[in-house]
Amino acid sequence: MALRVFIDGAAGTTGLEIAERLEGRAEFDLLILDDASRKSAEARRDALHAADFAILCLHDDAAREAVELAQGSAVRIIDASTAHRVARGWTYGFPEVVGCDAVAQADRVSNPGCYSTGFIALLAPLVRAGLLPADWPYTCNAVSGFSGGGKALIERYAADPDIAWRGYALALGHKHVPEMQAQCGLALPPLFTPAVIPAHRGMVVEIPLPLMAMPGAASPAELRAALQAFYAGSPVVRVREDTPDELLLRASMGPSDRLDVFVLGNADGTQARLIAMLDNLGKGASGAAVQSLNLMSGCAQTAGLVL
């Protein structure tokens with residue numbers, strides 16, 4: 001018998017892509033409310049109580065409301081909002097970092113933020129292994145396609161094609177910082193500088209490392225080897241051995257649920273750049289939710305993913 005999956009917020013960018021990945025899969029029956037019902041608390045409650053799994057593609061307050069509406073049901077929830085990423089009782093939906101079994105057995109899973117996915121993939125294994133210090137003031141520079149900003153930003157870029165680069169979160173305190181700090185076990189919140197470029201999708205996340213000044217820091221070669229060992233069994237995360245002269249995001253990029261990791265160092269090993277490349281709508285959002293759903297439902301981890 002097919003498992004019933006309710007996508008609450010299926011009209012948004014993330015919800016639409018999740019539905020596309022699940023359509024045609026015999027393991028699931030999708031429960032999607034029509035436009036007349038999708039904002040009705042009663043209709044949402046009924047769907048949540050009828051579903052085996054719910055994926056919340058909502059703003060934070062609406063996601064919290066959905067969890068309240070689900071009280072008393074047996075539904076297992078994946079929340080794609082920021083609302084529960086550092087909340088007690090929720091499992092962080094990054095199986096490569098927290099463990100596939102932890103996600104598979106969870107009833108409440110919080111989908112990682114797109115930028116956070118790149119940052120945590122790069123740093124968490126290295127801090128855990130003691131190859132980089134937990135008390136260093138890390139900096140994270142990142143650029144993303146405009147789809148990460150939702151409908152409003154998509155419409156803004158369509159209306160103003162002259163935008164070449166958009167820096168934001170200039171007052172600091174970006175909403176992804178708490179999960180970045182928590183999942184990497186950092187003593188200090190990272191200094192995060194995000195920006196948006198005129199491409200629909202795609203993301204580069206970078207952590208520059210002045211290794212010569214960092215107590216106990218390993219060499220670039222040791223950092224790469226540690227990440228390769230950590231992700232050796234992952235069908236999604238790939239640690240690249242090449243050291244390219246340039247990395248490109250293309251405006252024509254299609255959907256992808258892969259995450260590529262680079263460790264680039266200078267000749268004497270005193271500096272390094274940790275770089276993650278991913279699709280902000282794939283492994284950074286919809287693909288991550290489907291990966292967690294696969295694990296929670298007993299399906300193959302990569303079913304329905306674009307790799």
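Since the structure is predicted, the reported quantities are computational estimates derived from the model, not experimental observations. Nothing fancy with the numbering, it's 1 onward along the sequence.
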Test your reading of the model: is there a side-chain donor-acceptor pair from [X] to the backbone of [Y], 3.5 Å cut-off?
X: Asp257; Y: Leu307; answer: no
X: Asn280; Y: Met203; answer: no
X: Asp279; Y: Lys283; answer: no
X: Asp79; Y: Ser81; answer: yes
X: Ser73; Y: Ala70; answer: yes
X: Ser37; Y: Ser40; answer: no
X: Glu222; Y: Ser219; answer: yes
X: Ser116; Y: Pro112; answer: no
X: His200; Y: Ile154; answer: no
X: Tyr231; Y: Ala121; answer: yes

Answer with yes or no whether the hydrophobic clustering places Phe230 together with Val237; edges join I, L, V, M, F, W, Y residues whose side-chain heavy atoms lie under 4.5 Å apart.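 Cluster IDs for Phe230 and Val237 match.
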Are Leu22 and Leu16 linked, directly or through intermediate hydrophobic residues, by side-chain heavy-atom contacts shorter than 4.5 Å (ILVMFWY only)?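 No, no single cluster joins them.
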Is the shortest heavy-atom distance from the side chain of Val5 to the side chain of Leu30 under 4.5 Å?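 SC-SC contact between Val5 and Leu30 confirmed.
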Side-chain touch Arg85/Met180, heavy atoms, less than 4.5 angstrom: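 Contact flag for Arg85/Met180 side chains = no.
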Would you verify whether the NZ or CZ of Arg166 falls within 45 degrees of the ring axis of Tyr168 while also being under 6.0 Å from that six-membered ring's centre?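 Here Arg166 passes the 6.0 Å and 45° test against Tyr168.
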Is the gap between the ring centers of Phe53 and Phe6 under 6.0 Å?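 Centroid separation for Phe53 and Phe6: 6.0 Å or greater.
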